[in-house]
Amino acid sequence: MTLPHPAQLPEETLDPENWDEMRALAHRMVDDMMTYLQSVRERPVWQPVPAAVKERLHQPLPLEPESASAAYDDFIRDVLPYPMGNIHPRFWGWVMGNGTVLGVLADMLAATMNPNMGGGNHAANLVELQVVDWCKEMLGYPMQASGLLVSGGSMANLLGLAVARNAKAGFDLRRQGLVAAPRRLLFYTSAESHSSVQKGIELLGLGSESLRAIPVDAAYQIDIAALAAAVAEDRAAGHAPVCVIASAGTTNTGAIDDLNRLADLCAAEGMWLHVDGAFGALAALSPALRPLLAGMERADSLAFDLHKWMYLPFEAGCLLVRDAEVHRRTFSLTPLYLAHGGDRGLSAGEVWFSDYGLQLTRGFRALKVWLSLKEHGAAKFGRLIQQNVDQAQYLAALIDASPDLERLAPVRLNVVCFRFRPPGLDETGLNTLNQELLLRLQESGIAAPSSTTLQGRFCLRVANTNHRSRREDFDMLVAAVIRLGHEIVQQDVLV
Ligand SMILES: *Cc1c(COP(=O)(O)O)cnc(C)c1O
């Protein structure tokens, strides 16, 4: 019997019609990207996107095919020449990594296999488990901990705080929700902690009023006496203090809270200790810096990035949780169509990462971590981190030696805050001057720091997580800041 069938449309696929052409294009892409990476130092750090290009990046939806090579030509013309700049040796804005060459190729290999890392019985799952174990080893975190790779520090903080909230609520929060809370659940962090902490607290339904911002001392570390007093006061008022969020490397200045004392306090108070070590946690890879992080291994949960101070391409962050069962209980939910376990078939596998986070479908970000650690070894990452800290100290010394410049915070790790400071200007004048200076510096294409404001003073902020920077790059930065600063003063644009 023959089945009736509709008008014969040829069946289609998204695979290339001509594999030889696609292979040639692939080779061209790899060649172009290697050239691009190799010559990064020769280009400006950043330049604005020209109006004509903006126009071309604002087109209607293509309905008909253009061909892969024509699409690639558009990329080469309109996208590649106007980067954010963070792969450049003189980019030090916010806290960003450069990416690595093998990381680029790793993402291609990962996308080729395209496994779903939600779970399952396949090698990629084992690679992520291996990578999570290596992360514990690198940071000295207990090996029985659970963990998973996530998009970055923000997501790692959110998931860690969700575990903390559920673990310490004292009732079945997953089932009953926060409306069942007999008392307000309170979280404590320093006034210098990252905005993703507050975003996480808000998203978890706790409300930003449940996050106490404790003042910092002169070293920008959380004031532990003030913290202890706040906890005591809140308890006396009938609230439930549940968690301290410590910073291992604040964004503003790189300050590291006293993690051992915070762990002691949390142990005494029965509170959860979450450490946000987005970039700073990785300093543990340098033997000289590791003591700064003493106590980090005592955290109940630890969030950090691999795309900042491990220099890997975006996105890659990690969350580790000391008590794997508490971690799993926060996220695991297994409908019939996701039934898994046992030791046979595709649904086997001892760990399904979807039981430990929010994502079900997950990408194979573990591959770039795995390949990179094999390529370089963890010790080399430690040396590069130390190199970045040494460079930050070098920059601090250049600033301190210049009568035109003023450093505005201690340099603990890799973050340097400073400003151009000619005589005769008040604080408002200095702020306006340095704001203009930063824009001119970025527009010059010479270097790209970002900014922050410390005690009302606008500063240029260099956060060095750059494996391509050399000492001479900091000489260039300082020379450009001084030149542009004097130029602005002479043009009198401020009055
Ligand atoms: C960057 C950063 C984050 C957020 O991490 P993302 O990877 O950008 O999501 C959190 N905390 C600190 C201290 C950071 O520097």
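Both backbone and side-chain heavy atoms feed into the values below; hydrogens, waters and symmetry mates do not. Both ligands and their constituent atoms are indexed starting at 1 by order of listing.
- Distances from atom 4 (C) of ligand 1 to the heavy atoms of Gly249, Ala303, Ser154 show the closest one on Ser154.
- Inspection of the Thr334 and Trp352 side chains reveals no N or O donor paired with an N or O acceptor under 3.5 Å.
- For the 3.5 Å distance criterion, the side chains of Asp234 and Tyr188 qualify, holding a donor opposite an acceptor.
- At under 3.5 Å, not a single nitrogen or oxygen of Ser196, backbone or side chain, sits near a nitrogen or oxygen of ligand 1.
- Taking distance alone, with nitrogen or oxygen atoms compared against 3.5 Å, Thr250 stays at or beyond that limit from ligand 1.
- Side chains of Ser151 and Glu315: no donor on one and acceptor on the other come within 3.5 Å.
- Atom 12 (C) of ligand 1 has Ala278 CB, 3.2 Å as its closest protein atom, hydrogens excluded (heavy atom only).
- Ligand 1 has no atom lying under 4.0 Å from any heavy atom of Gly317.
- Looking at atom 8 (O) of ligand 1, its nearest protein heavy atom turns out to be Lys308 NZ, 4.0 Å.
- Distances below 4.0 Å separate heavy atoms of Thr251 from the following atoms of ligand 1: 12 (C), 13 (C), 14 (C), 15 (O).
- There is a side-chain donor-acceptor pair under 3.5 Å between Asp475 and Tyr394.
- Side-chain contact, Arg328 with Ser146: no donor N or O sits under 3.5 Å from an acceptor N or O.
- Applying the 4.0 Å criterion to heavy atoms of Phe279 picks out, from ligand 1, the atoms 15 (O).
- Close to ligand 1: His307, with a non-hydrogen atom less than 4.0 angstrom away.
- Taking the six-membered ring where tryptophan is involved, the planes of Trp92 and Phe474 are essentially parallel, since the angle between them stays under 30° and well short of 60°.
- Scanning the protein heavy atoms around atom 6 (P) of ligand 1, the nearest turns out to be Gly153 N, 3.3 Å.
- Of all protein heavy atoms, the one lying nearest to atom 11 (N) of ligand 1 is Asp276 OD2, 2.7 Å.
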Trace of the side-chain contact (heavy atoms from CB on, under 4.5 Å) decision for Trp134 with Lys374:
CA-CA 11 Å; Trp134 285 348; Lys374 283 173 176 280; 4.2 Å; yes
